Amino acid sequence: MDKKITRRDFLKTGLTLGAATAFTMIGGKAERLFAQDQGNRVPDLVAVRNGMPDAMFDRAIEAIGGMTRFVKRGNTVVVKPNIAWYGGPETGANTNPLLVKRIIVHCFQAGARRVYVFDHSVSYWKSTYSQSGIEQAAREAGASVVPANSSHYYQKVRIPGASVLKSVDVHELILDCDVLINVPVLKHHSSTRITIAMKNLLGVIWDRQFYHRNGLHQCIAEFCLFRKPDLNVVDAYRVIMRYGPPRAREEDIELKKTLLLSPDIVAVDTAASLIHGTRPQDINFIKYAAEENIGTMDLDSIKIERIVM
């Protein structure tokens, strides 16, 4: 049963920073982050907590208008989780397989003709696909789990308006799909402080080292000038808070039991950074993407629905 969330609840669960100055650069106050009095229109972002990943997704997708808002009959869909690292769901390094499976089920219920799942993994791809539990979960739901470990799966594209990432080799399925659903896991990362939705898209390009050599944050943001996901679903069930992803210990993982969902990749990354306890204005790829009008950091300007299970 739903219940209202008090300001104290949000301070406890990390959905605000607990500081009056947290949003001084993006036009709002922390305590208004998930304001409820925003009319009857469909929310722009949904935040759910205290459920299992699959059950939280059920509630979130219903609240935002259902999967048929994004997936039409006959569509080809790519569901892009984070499957970068060797390890099971308990590690928090990869997207929770329960969530991936449930998203695929909703896609087929909405009429999808085909659903593909892949990631350009950091660890050996066959091991990560298997040990993450995502390969089995995705196949059980009817999706095709495909590799991304060879350059012949990628095609070069031009990115209009980019100042750094003017071209990039992109996995062919991203070019061919009707719908892209981005499903990152929220976690600490040594290079960018945190990994969320925009950084998860490194798993659809071939040469990640180009990003690192030429301005990692700028490249992460500029990829979205080429292709923004139609829907972003942030898995914040188990969250690596430090030393992530490969060196995180059990004590570095917090059970936050939270899920965020939005078509706006900048807004969802902004909100997710707060869950992690990181100021969004300190994450350069979020700032750069907002400056490019890819999405909004101003959470006061959008409708956010919050659900406690």
Side-chain angles (χ1 to χ4, degrees), residues 46 48 52-58 60-62 64-85 89 93-121 125 128-149 153-154 170-186 195-205 223-224 227-237 259-265 268-269 272:
V46 181
V48 188
M52 293 298 291
D54 48 354
M56 289 193 291
F57 179 76
D58 287 344
I61 195 68
E62 178 185 10
I64 209 164
M67 187 60 86
T68 55
R69 176 180 168 188
F70 306 97
V71 176
K72 308 304 179 187
R73 187 161 300 279
N75 279 176
T76 296
V77 181
V78 167
V79 173
K80 168 56 181 75
N82 189 316
I83 330 175
W85 300 95
N94 303 303
T95 306
N96 193 292
L98 291 175
L99 175 58
V100 176
K101 183 175 184 178
R102 194 62 187 149
I103 291 170
I104 295 165
V105 168
H106 276 268
C107 288
F108 280 120
Q109 289 176 345
R113 181 170 62 93
R114 292 179 182 172
V115 178
Y116 293 99
V117 174
F118 74 88
D119 191 13
H120 185 188
S121 303
W125 72 278
T128 64
Y129 278 29
S130 174
Q131 290 299 314
S132 68
I134 291 173
E135 181 176 35
Q136 179 179 344
R139 287 180 172 162
E140 286 176 355
S144 299
V145 182
V146 299
N149 65 316
Y153 296 120
Y154 297 79
V170 180
H171 197 287
E172 59 193 2
L173 287 176
I174 300 299
L175 306 179
D176 294 339
C177 72
D178 301 299
V179 180
L180 173 58
I181 300 178
N182 187 26
V183 195
V185 60
L186 172 63
T195 288
I196 333 175
M198 277 184 273
K199 189 175 181 300
N200 192 48
L201 296 177
L202 265 76
V204 307
I205 61 107
F223 180 84
C224 295
R227 179 69 190 264
K228 289 189 291 187
D230 299 280
L231 182 64
N232 302 279
V233 185
V234 176
D235 171 17
Y237 190 81
L259 179 142
L260 299 173
L261 183 151
S262 179
D264 187 326
I265 196 167
V268 84
D269 275 5

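A quick note: this is a predicted structure, and the numbers were derived from the prediction, not measured.
Looking only at distances, a side-chain donor or acceptor of T128 sits under 3.5 Å from a matching main-chain atom of I83. Between the side chain of T95 and the main chain of V183, a donor-acceptor pair closer than 3.5 Å is present. Not one N or O on the side chain of N82 forms a donor-acceptor pair closer than 3.5 Å with the backbone of P184. Without hydrogens or angle criteria, N182 side chain to A197 main chain gives a donor-acceptor distance under 3.5 Å.
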- [ ] Let me see the working for R114 and S144 under side-chain contact (heavy atoms from CB on, under 4.5 Å), right down to the final yes or no.
- [x] CA-CA 8 Å; R114 292 179 182 172; S144 299; 6.0 Å; no
TODO: Start with the C-alpha distance between V268 and I196, add both sets of side-chain angles, then the distance that settles side-chain contact (heavy atoms from CB on, under 4.5 Å), and finish with yes or no.
DONE: CA-CA 8 Å; V268 84; I196 333 175; 5.6 Å; no
TODO: Carefully, step by step, assess V170 and F223 under the rule side-chain contact (heavy atoms from CB on, under 4.5 Å).
DONE: CA-CA 10 Å; V170 180; F223 180 84; 3.9 Å; yes
TODO: Check the pair L201 / I174 against side-chain contact (heavy atoms from CB on, under 4.5 Å), numbers first and verdict last.
DONE: CA-CA 10 Å; L201 296 177; I174 300 299; over 6 Å; no
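Between the CD1 atom in I103 and the CZ atom in F57 there is a gap of 4.5 Å [rounded to 0.5 Å]. One finds the OG atom of S121 at 8.0 Å from the CG atom of N94 (value rounded to the nearest 0.5 Å). Note that the CE atom of M52 and the CG atom of L259 stand 12.0 Å from one another [nearest 0.5 Å]. For the atom pair NE2 (H106) and CD1 (I181), the distance works out to 10.5 Å, reported to the nearest 0.5 Å. With values rounded to the nearest 0.5 angstrom, D264 atom CG is found 7.0 Å from K228 atom NZ. For the atom pair D235 CG and N200 CG, the distance stands at 10.5 Å (nearest 0.5 Å).
Here the shortest heavy-atom pairing between V100 and P81 reads CG2-CB, 3.8 Å. Closest non-hydrogen pair, N149 versus P147, comes out as OD1-CB, 3.4 Å. Nearest heavy-atom pair, V71 versus A112, reported as atom, atom and distance to 0.1 Å: CG1-CB, 3.9 Å. What you find for C107 and V77 is that their closest heavy atoms are SG-CG1, 4.0 Å.
Residues passing the ring pair (Phe, Tyr, Trp, His ring centres under 6.0 Å) test with Y237: none are found, sequence neighbours excluded. N96 meets the side-chain hydrogen bond (donor to acceptor under 3.5 Å, both in side chains) test with no other residue; sequence neighbours excluded. Residues passing the salt bridge (charged side-chain N to carboxylate O under 4.0 Å, His left out) test with D119, sequence neighbours excluded: K80. Checked against side-chain contact (heavy atoms from CB on, under 4.5 Å), A148 has the following partners two or more places apart in sequence or in another chain: F118, H120, Y154, H171. For V105, the side-chain contact (heavy atoms from CB on, under 4.5 Å) test picks out R102, Q109, A141, with sequence neighbours left out. In terms of the side-chain hydrogen bond (donor to acceptor under 3.5 Å, both in side chains) criterion, D269 has no residue partners (sequence neighbours excluded). F70 pairs by the ring pair (Phe, Tyr, Trp, His ring centres under 6.0 Å) definition with nothing, not counting sequence neighbours. Listed by chain and residue number, P89, I134, A137 satisfy the side-chain contact (heavy atoms from CB on, under 4.5 Å) test with P97 (two or more places apart in sequence, or in another chain). Residues passing the salt bridge (charged side-chain N to carboxylate O under 4.0 Å, His left out) test with D230, sequence neighbours excluded: R227.
Within the structure, salt bridge (charged side-chain N to carboxylate O under 4.0 Å, His left out) contacts touching residues 135-146 (residues at least two apart or in different chains) are K101-E140, E135-R139. Among residues at least two apart or in separate chains, side chain to side chain donor-acceptor pair (under 3.5 Å) pairs with a member in residues 66-79 are T76-R113.
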